[in-house]
Amino acid sequence: RFSHDSFEEYFCSQRIITLIEETNEIPDLHVWYRKADDFVDIVRYFQESAPSEMTSKFFSQPGLPAVWTTLATLRK
């Protein structure tokens, strides 16, 4: 764990981007849904860093937590 949480969140979001680039699929993050608020900053970093096509694909997944989909609508 990094001493500053934003480092950990940034690297986690970058890992998600890398996985999508490598597999062309969105990783299964359903286990995060139970504590969606805890992962908002990761999703925010992902949204800021990923190409627009990737974020569109990510946020178009059915069943995403409302707190995450709100981020998508705020960005537009």
Within-4.5 Å side-chain heavy-atom neighbours: [X] and [Y]:
X   : Y   : answer
Q61 : I26 : yes
E21 : M54 : yes
N24 : K57 : yes
D41 : S6  : no
T73 : F59 : no

In one Ile/Leu/Val/Met/Phe/Trp/Tyr side-chain cluster, 4.5 Å: V67, F46: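 In one cluster with V67: F46, yes.
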
Cluster overlap V31 with I42, hydrophobic side-chain contacts below 4.5 Å: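 Yes, same cluster.
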
Would you compute the distance between atom [atom1] of [X] and atom [atom2] of [Y] and round it to the nearest 0.5 angstrom?
X   : Y   : atom1 : atom2 : value
Q47 : S56 : CD    : OG    : 10.0 Å
Q14 : Y45 : CD    : OH    : 10.5 Å
E48 : S13 : CD    : OG    : 8.5 Å

Aromatic centroids of F39 and W68 separated by under 6.0 Å: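 No.
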
Nearest atoms (heavy-atom pairs only) where L71 meets V40: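 It is CD1-O, 3.9 Å.
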
Nearest atoms (heavy-atom pairs only) where Y33 meets G63: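 In terms of heavy atoms, the two residues are closest at CE2-O, 3.4 Å.
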
